[in-house]
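In the text below, chain A, chain B and the rest are named by the order of the sequence lines, each starting its count at 1. Worth knowing before you read on, the calculation uses all heavy atoms, side chains too, and leaves out hydrogens, waters and symmetry mates. Worth saying up front: this structure is predicted, and the values here are computed from it rather than measured.
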Protein chains: 2
Amino acid sequence: MDLDQQADDPGVPVAPGGAGGRVTMQQVAAEAGVSVSTVSKVLNGRYGVSPATAQHVTGVITRLGYEASLVARSLRNRRTNVIGVLVADFEPFSTEVLKGAADAIRDSGFELVAYSAGGRVDEHVGWERRYLSRVMGTLVDGAVLVTPTVTDVQYDGPVVAVDPHTGRSSLPTVAGDNLQGARLGVDHLLGLGHTRIGMVTGRPDLVSAQLRERGYREAHAAAGLPVDESLLALGAFEAEQAREAAHRLLALPDPPTAVFGANDLSALAVLEVAAERGLDVPRDLSVIGFDNVPESALSDPPLTTVEQPIRRMGRDAVALLLALLDGAAVADTQLTLPTTLVTRRSTAAPAGPTSNGAVS
Amino acid sequence: MDLDQQADDPGVPVAPGGAGGRVTMQQVAAEAGVSVSTVSKVLNGRYGVSPATAQHVTGVITRLGYEASLVARSLRNRRTNVIGVLVADFEPFSTEVLKGAADAIRDSGFELVAYSAGGRVDEHVGWERRYLSRVMGTLVDGAVLVTPTVTDVQYDGPVVAVDPHTGRSSLPTVAGDNLQGARLGVDHLLGLGHTRIGMVTGRPDLVSAQLRERGYREAHAAAGLPVDESLLALGAFEAEQAREAAHRLLALPDPPTAVFGANDLSALAVLEVAAERGLDVPRDLSVIGFDNVPESALSDPPLTTVEQPIRRMGRDAVALLLALLDGAAVADTQLTLPTTLVTRRSTAAPAGPTSNGAVS
DNA sequence: CTGTTAGCGCATTCAG
DNA sequence: CTGAATGCGCTAACAG
């Protein structure tokens with residue numbers, strides 16, 4: 001029930017009958033019999049307050065459980081001591097970054113705010129710029145952008161991008177080595193003896209996806225193997241599209257014996273589709289992903305994947321941001337973190353003679 | 001959907017002279033040659049603006065890439081359309097809740113802000129109340145408290161607690177069934193034939209921990225087995241203490257053949273310690289946890305554990321909160337979600353001659 | 001239709 | 001040492 005539908009009386013504080021609720025500095029001041037500015041001074045430890053009143057006010061503050069509104073304070077101050085992590089949605093990747101950010105923020109004196117408009121991103125491309133405008137300058141001192149798709153945003157404040165999907169970012173950036181990672185993954189498959197390796201590709205407009213596909217091609221070239229273009233299917237980093245792509249690949253007259261998913265989401269979709277089609281992984285089909293999101297270990301079988309040090313990426317991004325806030329000249333840093341292969345149970349050597357009829 | 005790289009993209013702002021930074025409404029007004037209130041009206045679609053100026057102002061807004069400051073708007077308005085998730089730290093549990101919250105918030109028109117002071121919580125008990133004061137009323141319309149340790153916080157605003165660690169909360173609450181879950185876990189061990197089952201207990205002041213211990217005891221009682229008090233060691237939901245507890249347990253003259261960790265963190269610690277002591281899990285020792293955080297599948301061997309539907313807890317909490325905001329009379333809802341056993345590879349029948357060949 | 005005025009809660013001058 | 005005034009960016013009354 002919303003009781004305070006009445007107009008706020010500027011002079012009279014909200015009736016304290018209801019216990020709790022948002023206590024304002026006004027109320028503290030009134031209760032303590034001093035002015036708001038005095039309360040403010042006490043709160044911020046400014047000089048110019050007698051020990052007696054200071055102690056009295058402190059007492060009232062704790063008694064009322066008063067805490068300054070982050071918002072009001074942010075609006076007034078230039079510095080807020082809050083760092084923002086801006087994400088399109090809270091999913092496995094971004095939350096992993098968040099954990100890393102939390103690692104880096106600990107004992108830094110900063111607080112962390114993660115902000116998301118609730119996944120309604122596809123509607124508005126350029127969420128990153130809008131989010132930045134909303135929170136930068138007020139609320140947060142600096143921000144980490146997680147997987148932004150538009151990085152030509154020239155923002156003058158301290159902003160760091162993590163795993164930006166587009167290239168030529170003018171922002172300081174922390175990313176995994178996509179090219180090297182894809183090579184690692186496909187080389188693993190090649191090394192196992194696979195020669196017909198399919199790929200569920202990512203969003204064609206994203207540089208990260210392009211690099212992973214390039215790694216796939218380079219690995220083939222290095223092995224002296226031609227790339228069969230019919231073995232590439234668009235998954236677009238998207239569950240449903242990845243599933244369709246997997247179906248297309250596995251329905252081929254001469255289907256691949258292994259599939260490289262452009263990310264774990266895609267690879268997990270391949271795993272599902274393989275199960276639906278009665279294929280045993282890894283006996284009939286090897287599957288490998290990219291990211292090593294925690295969820296990838298939960299699949300059946302657990303997914304072999306290329307790990308990006310996501311958590312560390314978050315940690316490094318915040319560290320970079322803190323340096324930036326500290327005035328360090330690291331504005332054009334482009335960190336590329338190495339990727340590694342995590343071998344679990346979704347990959348194995350191809351069964352039987354190379355192109356022998358598979359069970360369908 | 002994101003193929004709109006068409007010709008003139010009104011979404012791309014042109015940075016004004018001073019490089020794009022925080023653009024204020026003042027600047028938009030000046031640039032458009034109108035007053036701030038007119039800009040405000042246009043922005044909020046209020047009536048009373050001629051189509052001509054409205055369009056002009058809209059043009060300037062998009063050209064400058066202006067977006068209203070969340071903070072300033074929050075301060076002015078009673079309603080912000082933002083929901084807060086307040087956490088002590090971003091760790092596996094809270095981030096899982098966050099994913100669930102994001103699920104529930106999608107297409108609700110609300111935005112999500114997750115707030116953490118950076119894990120420096122142990123210093124100040126009662127972070128939940130302080131966080132609430134900081135953000136409620138301004139910045140967020142309602143809040144979800146994740147694993148609060150103090151719930152006697154009588155807050156008059158819409159607040160929902162997830163997995164509160166203390167009992168009798170006056171807040172609407174969503175939690176897993178700790179007692180039933182513990183029974184499930186220990187019964188599993190009992191069923192396997194274990195008779196000396198150790199427990200690394202949680203923080204004694206937390207009801208969730210107390211319930212899990214009670215479940216342990218009840219399971220023993222139901223099986224007609226006495227509880228050996230020397231087999232209980234305090235882990236306090238804390239990595240280092242859990243490790244020490246594990247060492248103590250495993251160094252016993254007659255060590256347990258299985259250990260129940262009060263949460264996954266504790267169980268994972270037991271796994272580590274067992275490895276250090278040269279014990280093979282599950283041959284020499286069975287280990288079971290509680291929570292089923294994603295990380296529990298990554299251990300070696302993957303951890304058998306009692307799952308709480310964490311993500312769903314986040315989803316339900318936000319749904320509850322939205323109902324509350326909508327004026328629904330659900331203020332005293334106490335949701336208890338069922339727990340389930342997730343059998344992975346850290347548990348097996350005891351090796352010894354004790355109760356060989358026990359079939360259940 | 002438009003601009004002016006008055007705060008939201010707080011921190012900081014600057015008078016008293 | 002203290003309190004009244006000012007304004008952060010914005011919205012909602014009310015004048016013009």
Legend entry - Interatomic distance where CD belongs to B:Gln26 and P belongs to D:dG7 [whole Å]: 12 Å
Inset, instruction - Just need the stems in DNA chain D: three or more back-to-back Watson-Crick or G-U pairs, each with both distances under 3.5 angstrom, sorted by first number. - result: C:6-16 with D:1-11
Legend entry - Nearest-Å distance for atom pair CG/P, residues B:Asn77 and C:dG9: 12 Å
Side-chain donor-acceptor distances from residues 313-329 of chain B under 3.5 Å, at least two apart:
{"unit_1": "B:Arg315", "atom_1": "NH1", "unit_2": "B:Asp103", "atom_2": "OD2", "d": "3.4"}
{"unit_1": "B:Asp316", "atom_1": "OD2", "unit_2": "B:Arg312", "atom_2": "NE", "d": "3.4"}

Inset, instruction - May I have the distance from B:Met25 (atom CE) to D:dC8 (atom P), rounded to whole angstrom? - result: 14 Å
Find every protein N or O atom lying less than 3.5 Å from an N or O atom of nucleotides 2-5 of chain D, and list the pairs.
{"unit_1": "D:dT2", "atom_1": "OP1", "unit_2": "A:Ser50", "atom_2": "OG", "d": "3.3"}
{"unit_1": "D:dT2", "atom_1": "OP1", "unit_2": "A:Thr53", "atom_2": "OG1", "d": "3.3"}
{"unit_1": "D:dT2", "atom_1": "OP2", "unit_2": "A:Ser50", "atom_2": "N", "d": "2.6"}
{"unit_1": "D:dT2", "atom_1": "OP2", "unit_2": "A:Thr53", "atom_2": "OG1", "d": "2.8"}
{"unit_1": "D:dG3", "atom_1": "OP2", "unit_2": "A:Ser35", "atom_2": "N", "d": "3.1"}
{"unit_1": "D:dG3", "atom_1": "OP2", "unit_2": "A:Ser35", "atom_2": "OG", "d": "3.4"}
{"unit_1": "D:dG3", "atom_1": "OP2", "unit_2": "A:Thr38", "atom_2": "OG1", "d": "2.8"}
{"unit_1": "D:dG3", "atom_1": "N7", "unit_2": "A:Ser37", "atom_2": "OG", "d": "2.9"}
{"unit_1": "D:dG3", "atom_1": "O6", "unit_2": "A:Lys41", "atom_2": "NZ", "d": "2.9"}
{"unit_1": "D:dA4", "atom_1": "N6", "unit_2": "A:Ser37", "atom_2": "OG", "d": "3.4"}

Inset, instruction - Please list, chain by chain and in numerical order, all residues satisfying salt bridge (charged side-chain N to carboxylate O under 4.0 Å, His left out) with B:Lys41, sequence neighbours excluded. - result: none
Inset, instruction - Whole angstrom is fine here: how far is it from CG in B:Leu43 over to P in D:dG9? - result: 16 Å
Legend entry - Under the side-chain hydrogen bond (donor to acceptor under 3.5 Å, both in side chains) test, residues paired with B:Thr58 that sit two or more places apart: none
Legend entry - Set of side-chain hydrogen bond (donor to acceptor under 3.5 Å, both in side chains) partners for B:Thr38, sequence neighbours left out: B:Ser35
Inset, instruction - Indicate whether OP1 or OP2 belonging to C:dT12 is found under 4.0 Å from a side-chain N or O atom of A:Arg46. - result: yes
Inset, instruction - Tell me what A:Thr24 touches on the nucleic acid: a base, only sugar-phosphate, or nothing, going by heavy atoms under 4.0 Å. - result: sugar-phosphate
Legend entry - Contact under 4.0 Å: A:Asn44 side-chain N or O vs C:dA11 OP1/OP2: yes
Legend entry - d(CZ, A:Arg73; C1', C:dT12) in whole Å: 13 Å
Legend entry - Residues that A:Arg63 engages under salt bridge (charged side-chain N to carboxylate O under 4.0 Å, His left out), provided they are two or more places apart: A:Glu31
Inset, instruction - Check side-chain hydrogen bond (donor to acceptor under 3.5 Å, both in side chains) between A:Arg78 and all other residues, then give those that pass, not counting sequence neighbours. - result: none
Inset, instruction - Using atom CD of A:Gln27 as one end and atom P of C:dC8 as the other, report the distance to the nearest whole Å. - result: 12 Å
Legend entry - Any residue of residues 63-71 of chain A with a heavy atom less than 4.0 Å from an atom of DNA chain D: none
Legend entry - Pairwise side-chain contact, B:Val42 with B:His56, heavy-atom cut-off 4.5 Å (strictly under): no
Legend entry - Partner set under side chain to side chain contact (heavy atoms under 4.5 Å, CB included) for B:Val39, not counting sequence neighbours: B:Met25, B:Val28, B:Ala29, B:Val34, B:Val57, B:Ile61
Legend entry - Residues which pass side-chain hydrogen bond (donor to acceptor under 3.5 Å, both in side chains) with B:Thr147, listed by chain and number, not counting sequence neighbours: none
Legend entry - Presence of salt bridge, A:Glu111 and B:Arg134, under 4.0 angstrom: yes
Inset, instruction - Sequence neighbours left out, what passes salt bridge (charged side-chain N to carboxylate O under 4.0 Å, His left out) with A:Glu91? Give chain and number order. - result: none
Legend entry - Protein-nucleotide distance (B:Met136, atom CE; C:dC8, atom C1'), rounded to Å: 16 Å
Inset, instruction - Could you tell me the separation between the CG atom of A:Leu75 and the C1' atom of D:dT11, rounded to a whole number of Å? - result: 13 Å
